[in-house]
Amino acid sequence: MKSPLNLSSQWTGYLVLLSTFGSLITPAVTVKHENFKTCNQSGFCKRNRAYADQATAVGDNWSLQAPYRLNSDSLTWKDGQLQGTILKILDGGESVRLPITISFLESGSARVTIDEEKRQKGEIELRHDSKARKERYNEAANWAIVGGLTLSKDAEYQKYPGVSHITYGPEGKFKAEVTHAPFAIDFKRNDETQIKFNDRGLMNVEHWRPKIEKPEKKEGEEETTEVQTGEDEGTWWDESFGGNTDSKPRGPESVALDITFPGYEHVFGIPEHAGPLSLKQTRGGEGNHNDPYRLYNADVFEYIMDSEMTLYGAIPFMQAHRAASTVGVFWLNAAETWIDIIKEKASINPLSGKTDTKTHWFSESGLLDIFVFLGPTPKDVTKAYGELTGYTQLPQEFSIAYHQCRWNYVTDEDVKDVDRKMDKFQIPYDVIWLDIEYTDGKKYFTWDPHTFGNHVEMLSHLDKSDRKLVAIIDPHIKNENNYPVVDELKSKDFAVHNKEGSIYEGWCWPGSSHWVDAFNPAAIKWWKTLFTKDAWKTSNLFIWNDMNEPSVFNGPETTMPKDNLHHGNWEHRDVHNINGMTFHNATYEAMVERKKGELRRPFVLTRSFYAGSQRLGAMWTGDNQADWDHLAAAFPMILNNGIAGFPFAGADVGGFFGNPEKDLLTRWYQAGAFYPFFRGHAHIDTRRREPYLAGEPYTGIITQALRLRYALLPAWYTAFYEASTDGTPIIRPHYFEYPEDESGFAIDDQFFVGSTGLLAKPVVKEGAESVEIYLPDNEVYYDYFDYSIHTGAGKTTVAAPLEKIPLLMQGGHIIPRKDRPRRSSGLMKWDPYTLILALDKNGKAHGELYVDDGETFDYQSGAYIHRSFTFENGKLSSKDIGTKGKLTDKYLKSMKNVGVEKIIIVGAPKAWSGLETVKIGSATAELSYHPEEGKKVAWAFVRAPKVAIGEDFELEFAEAGKTEL
Ligand code: NOJ
């Protein structure tokens, strides 16, 4: 977020004044469109769209004319990899050599990488005496990819005249048919085409050309930008926008490809955008966007809803979905990228009523490097993508509880005061946050001596209730004398450079600043040392990385000039979308090592992200607004992030800008209780809004929402465990769980929590008294709070007065909970569990629980509990599904007194009405049976079964078979 008011302390008085007024008015705010490029203002976007238009105008014959031809003689096949050269045939008959590698991976994924020989060999000339690298950026994989690149031993290659066929994937069911001229690839599963590359002939690799200076214009002559090729060269070279000129020393160098998903009507992913889960068309028309979806990480001040505009993060991963089939592509490129989407009646069988989704991707520079996933399920796709970019971090347990933040808690006393008040009102929370004002003059790694002089004592105060502090550390380092951090940054030459090769200077919160170049391994090493000092190594202090797009207040589009230089002399243009992740990564690494002998899982929140950021912490959706539209937009955004592999996501609860009305704030907490990352946050100009300030009934209702989150932490943590092992999202959209149910594919305002069967649709509309929930199957569903029954399939109405969150339990699940209200999650560590059995229509249920110490890496050595609970034939059994490691026994011993205190069976069979006990081996436990009442189903309650959570047990309820409802 950008506010010139905060640039120096002389503004403080003004700020206080402004905040007084600001808190009285909620301004109608909207993005300044003129600060961000449209496609037409971005040279390569305009060129690639024009290329597509030309293709459309020519029609069906276009692809035959397309200039890219794979030289059949160049092809070699070795160990699952096909290599060769594509020739780009130029108008004069000359050709440009583009080396191509197609890799078939053991996981069943395929990768197509295309480079440009001339640039590869450095045989180009740079303009403006640039010191930049000559190659196309080829290090994106070093940051994004952590595994899954083993080549397939089973892939088989067959070469025919003009085409090559590769059979690969599970049981050889996948096939890539590579047409040599014009170059195109069809990816098939079970002989059916799923993905087509260059079907529309929009592939474009802008090869290197020297700039030919135009002859002087003679008097009376028209200005023309066509010089060498008949193409419009007006955007090839130096490009200006908003008063900044990009020197573009390598000239035009974009890469583009069309990717078609035949028969697929929905595409999801490519976060971050504020809009629906199912992506819209982008070439105009009613309800469609006019520009392509843009990926160019930026600090978009006051961003708008339902927009293709870029936001803070970029994950160029897309899933395409149709009934019973999901496929995906990952466009591994870190430069500015745009994606056009159009949907057309299926070309193969137009009468089928099916739709093809045709996408067109273009990036400003770098390689064409694309991974292809052929599914067939959404889980297969996210799993395969996660094998490459890593699964979500298994976070510390506190970090999935509630976070209390604002810009700013102003003194250490203020922090303690909030802490005490939360206790006084019995409101649970785990973390309090410090925004930029805690520093001494916006110098990170310092504390304002006047306001946070007692930060060490403050941290130990928080520690008493097992609470944590998160402090912000941004990548801009104040350019001021006698600030050791900047002195070292400069003397060690660890900052980003400008195009001339000296240290880049720009403006951010501290005023004049330099930026840590976290691409530089030596800079990372140095960054780590900063966290080993004083309070930074305290184990209840964690970090928030903000402004890492990077945000530069006086830079083009509020970020860095593209011709800035990073480590290895890569231009910023090449690496922009990865920049935020490298900073996040440096902080993550610093947190792992900050204290010798104490290995704790880091928690680092980031605003900017790329494919792979999920390994490092959480993200949030940036500076939203306190209005209902923004509340409604958060779920589609979080769901989209989840299916793009980064599910630890949330939005500022309450809205960052403006002052939420109390019912909005209350509804936002109820929604936030279902964000994987759950944090209340507010702008400096807003009124205080800690939950206890709302007054009754709001404070009470908000407290209930928070308690619900805390009670369900075991279920959330289990969902995080799953995500960390196979990439499944924490909150899951309908299509992900019901990939065959076409009517649910576009649903993005209700979702499932992990595999728990919890189906939530928090209220996001002003004044709503009820919501309609779409039930996917003809299973029974129980209201979470009152056990009233809803049956599917189809829509059902759930009452939703202000105090109620619409939340159902799908029959067939066992949900673990902890019901004792505590001040923080840490204090719940040894609390007993409650198991909720929501029986399905056949009287069965199943669930899982994952538990570990919630903070260390010991789980990697087996220090965890992973149980499977099954209820059938009147018996509840708990079985170990973990793998034993060297710390398993020790951990189990530490957990031996943690038991189950309650078991609640919802939808209990009538046959139990006389039952008073259940059998547990030779012992018994008391059971109370509550018959059905109106819509409320019968339920039973088992008290104190005295079984340990970490051990096998079996509870016998009644004679086998007597379980009918
Ligand atoms: C921008 C962030 O998005 C916001 O959350 C934060 O409060 C401000 N920067 C100040 O640090």
Side-chain angles (χ1 to χ4, degrees), residues 1-9 11-12 15 18-19 22-23 29 31 272 274 297-303 310-313 403-410 431-446 448 452 469-478 507-511 513 515 542-553 555 558-559 580 583-584 587 604-609 617-626 630 634 637 649-660 668 672 675 677-689:
M1 106 108 239
K2 184 176 176 179
S3 158
L5 292 179
N6 288 76
L7 296 181
S8 86
S9 53
W11 288 98
T12 313
L15 223 151
L18 188 100
S19 70
S23 58
V29 283
V31 71
E272 184 180 27
N297 295 348
D299 184 355
V300 182
F301 183 55
E302 294 170 348
Y303 68 79
T310 196
L311 286 176
Y312 313 91
H403 300 255
Q404 182 62 49
C405 185
R406 78 169 274 111
W407 181 12
N408 223 98
Y409 291 115
V410 291
V431 195
I432 190 155
W433 290 53
L434 293 181
D435 209 321
I436 49 177
E437 313 299 331
Y438 79 90
T439 57
D440 183 8
K442 315 284 186 299
K443 289 182 293 219
Y444 304 111
F445 303 101
T446 68
D448 186 321
F452 284 91
L469 184 81
V470 169
I472 199 166
I473 301 270
D474 288 352
H476 47 258
I477 304 296
K478 187 171 188 170
W507 280 66
C508 206
W509 299 127
S513 306
W515 273 261
F542 296 85
I543 303 296
W544 172 15
N545 283 164
D546 186 19
M547 314 295 273
N548 50 338
E549 296 73 23
S551 176
V552 181
F553 294 163
T558 331
T559 189
F583 182 62
H584 191 200
T587 308
V604 187
L605 178 74
T606 184
R607 191 171 71 174
S608 185
F609 56 89
M619 62 71 73
W620 92 110
T621 61
D623 299 345
N624 59 1
Q625 291 171 30
H630 275 261
M637 290 176 81
D652 284 349
V653 169
F656 181 66
F657 294 116
N659 295 301
W668 215 317
Y675 295 168
F677 172 63
F678 182 17
R679 182 185 74 153
H681 183 40
H683 186 269
I684 194 166
D685 294 344
T686 59
R687 281 194 291 262
R688 288 275 174 133
R689 55 163 101 128

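Values reported hereafter were calculated over all heavy atoms of this structure, with side chains retained and with hydrogens, waters and symmetry mates removed. Note that ligands are numbered from 1 as they come in the structure, with each ligand's atoms numbered from 1 the same way.
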Chemist: Has W544 got any heavy atom lying under 4.0 angstrom from an atom of ligand 1?
Modeler: yes
Chemist: Hey, is ligand 1 close enough to D474 that some N/O pair sits below 3.5 Å?
Modeler: no
Chemist: Go through ligand 1 atom by atom and flag the ones less than 4.0 Å from a non-hydrogen atom of W509.
Modeler: 9 (N), 10 (C), 11 (O)
Chemist: Among N545, D546, T587, N548, whose side chain to side chain donor-acceptor pair (under 3.5 Å) with T606 holds?
Modeler: N548
Chemist: Are side-chain heavy atoms of W407 and F656 found at a separation under 4.5 Å?
Modeler: yes
Chemist: Is the centre of the H630 ring less than 6.0 Å from the centre of the Y303 ring?
Modeler: yes
Chemist: With heavy atoms of I472 as the reference, note each atom of ligand 1 found under 4.0 Å away.
Modeler: 11 (O)
Chemist: Within the 4.0 Å heavy-atom shell around D435, which atoms of ligand 1 are there?
Modeler: 6 (C), 7 (O), 10 (C), 11 (O)
Chemist: Considering the heavy atoms of F656, write down every atom of ligand 1 situated less than 4.0 Å from one of them.
Modeler: 4 (C), 5 (O), 7 (O)
Chemist: Show me which atoms of ligand 1 lie under 4.0 Å from any heavy atom of D546.
Modeler: 1 (C), 2 (C), 3 (O), 4 (C), 6 (C), 8 (C), 9 (N), 11 (O)
Chemist: Compute the ring centroids of W544 and H681, then answer whether they are less than 6.0 Å apart.
Modeler: yes
Chemist: Compare all side-chain heavy atoms of K478 with those of T439 and state whether any distance is below 4.5 angstrom.
Modeler: no
Chemist: Is D299 salt-bridged to R607, cutoff N-O under 4.0 Å?
Modeler: yes
Chemist: Show which atoms of ligand 1 fall inside a sub-4.0 Å distance from at least one heavy-atom site of H681.
Modeler: 4 (C), 5 (O), 6 (C), 7 (O)
Chemist: Do any nitrogen or oxygen atoms of R607 lie less than 3.5 angstrom from nitrogen or oxygen atoms of ligand 1?
Modeler: yes
Chemist: Just jot down the ligand 1 atoms closer than 4.0 angstrom to any heavy atom of W620, in number order.
Modeler: 2 (C), 3 (O), 5 (O)
Chemist: Which value, rounded to the nearest 0.5 Å, describes the distance between L605 atom CG and F677 atom CZ?
Modeler: 4.5 Å
